[in-house]
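For reference, the structure discussed in these notes is given below.
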Amino acid sequence: MAVQSVESSTTSSDTAAPASTSPSFGPAVALSCRECGERFDLGPIFACAACFGPLEIAYELPTGDPEGLRRRIEAGPNNIWRYAPLLPVPADVADTPSLNPGFTKLVKADNLARELGVTGELHIKDDSGNPTHSFKDRVVAIAVQAARAFGFTTLSCSSTGNLAGAVGAAAARAGFRSCVFIPHDLEAGKVVMAAVYGGDLVGIEGTYDDVNRFCSELIGDPAGEGWGFVNVNLRPYYGEGSKTLAYEICEQLGWRLPDQIVVPIASGSQLTKIDKGLKELIQLGLVEDRPYKIFGAQAEGCSPVSAAFKAGHDVVRPQKPNTIAKSLAIGNPADGPYVLDIARRTGGAVEDVTDEQVVDAIKLLARTEGIFAETAGGVTVGVTRKLIEDGLLDPALTTVVLNTGDGLKTLDAVAPTTGPSATIRPTLDSFREAGLV
Ligand SMILES: Cc1ncc(COP(=O)(O)O)c(C=O)c1O
Ligand SMILES: [Zn+2]
């Protein structure tokens, strides 16, 4: 089968080193710097030795027979491993112990569409259906494969909550020790989920950005030797897991690109990899090549990327987060500048909503479609509504809105304004008095 390198728009093939293939990493051939294009052998590294730019995976993907590739994917398992030919994982990955995330529901949200004045197709990609109830199971599954290939024995991460649970569970299943780090003041649902799988959970007195800085120090210290930090030294591999959201959305739309997609932003990794996944599908001939727009969504109380987008800046000025959308509370997002590039290049935008709008949107999605989203889902639905009102998102087109997590983990967000319609004695009279009939 013919092969073709597929790289990000910022990499240069002029500097490409000869491709090195390893059975552990399937079609992945190198790490490539997103800033200067310098290439490195696949390894547990994440920053360019020449310019400190972030590294990402470069591939030799199977081109030349899109029909054959499509058939192979469709015959694969009902999880992310159906896309193994496009991921940095071994061909027999489906046989290794994993939580097997992915292939979550794409829900056609006609009731929500009516409420929002959408006349085109509106879909919710509902990633709350993953094994630990957030999209993080996708990225962790790929990082676990890399950790195994590099001989790490402990899995770790800095997390805003969901990632810690995903790492704890995946480590338990795959036979790693785990030790994960979170800000000390997260929601009870996130803390319990991160601890229940039996690994070590450490709360740090500080924000996520403090936790992340601490983890970077730990990597360079003998105390962190042999540790695979899924979103730090394994970040190039981890990020690729988010491409599967793009693949699934297109496959579930009948191998069709959506016109518009609304993605939550914390570090920005997910949004950049969804763009990478969509570009790959076009280059491989699996979907028709036509324009799509990517929109980023943040909470106002942590909106560094949205603020930069609106100000027309290329750099993202860090913020100190203060929002109920704690899963998105990264004040200094590593991929912020790349998100700005993608939103501008595709004709999308980055927008933010208040905490009150987040809660309203969680309830709107629950009441119209029966989907209970975590605060990050409230952010995307709330931003979608605002983008339509502002004329930035076209209500006549096909739009996909991501719900990346489960409302059961962020009950506190809606508990103050949600509860029983009445509490009654167990008698018909008492029920009638309650005024519900
Ligand atoms: C539920 C949820 N959605 C979205 C995100 C954003 O991810 P990223 O850091 O890739 O932007 C996170 C990150 O923690 C999350 O927990
Ligand atoms: Zn570089």
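All values derive from a computational prediction rather than experimental measurement. Start at 1 and go down the list; that is how both ligands and their atoms are numbered.
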### Task
Everything protein-side that's N, O or S and under 2.8 Å from the Zn ion (ligand 2): list it, residue and atom.
C33 SG, C36 SG, C48 SG, C51 SG
### Message
So does G168 get a backbone contact from the side chain of S178, meaning a donor-acceptor N/O pair under 3.5 Å?
### Response
no
### Task
Without swapping roles, check the side chain of S158 against the backbone of N212 for a donor-acceptor pair under 3.5 Å.
no
### Query
Do any N or O atoms from the side chain of D355 and from the backbone of I324 form a donor-acceptor pair under 3.5 angstrom?
yes
### E374 side chain vs A376 backbone, donor-acceptor pair below 3.5 Å
yes
### Message
Ring-plane angle category for Y247 and Y83, please: parallel below 30°, perpendicular beyond 60°, tilted otherwise.
### Response
tilted
### Query
Mind checking what residues have non-hydrogen atoms under 4.0 angstrom from ligand 1?
F135, K136, T160, N162, P264, I265, A266, S267, G268, S269, Q270, S327, L328, E374, A376, T404
### Query
Which pairs count as salt bridge (charged side-chain N to carboxylate O under 4.0 Å, His left out) when at least one residue sits in residues 292-313, sequence neighbours excluded?
K310-E351, K310-D352
#### Entry: Any pair counted as ring-ring contact (aromatic ring centres under 6.0 Å, His included), so long as it reaches residues 342-382, sequence neighbours left out
none
### Query
Does E369 reach the main-chain N or O of N111 with its side chain, forming a donor-acceptor pair under 3.5 Å?
yes
### Query
Do D221 side-chain atoms and E217 backbone N/O form a donor-acceptor pair below 3.5 Å?
no
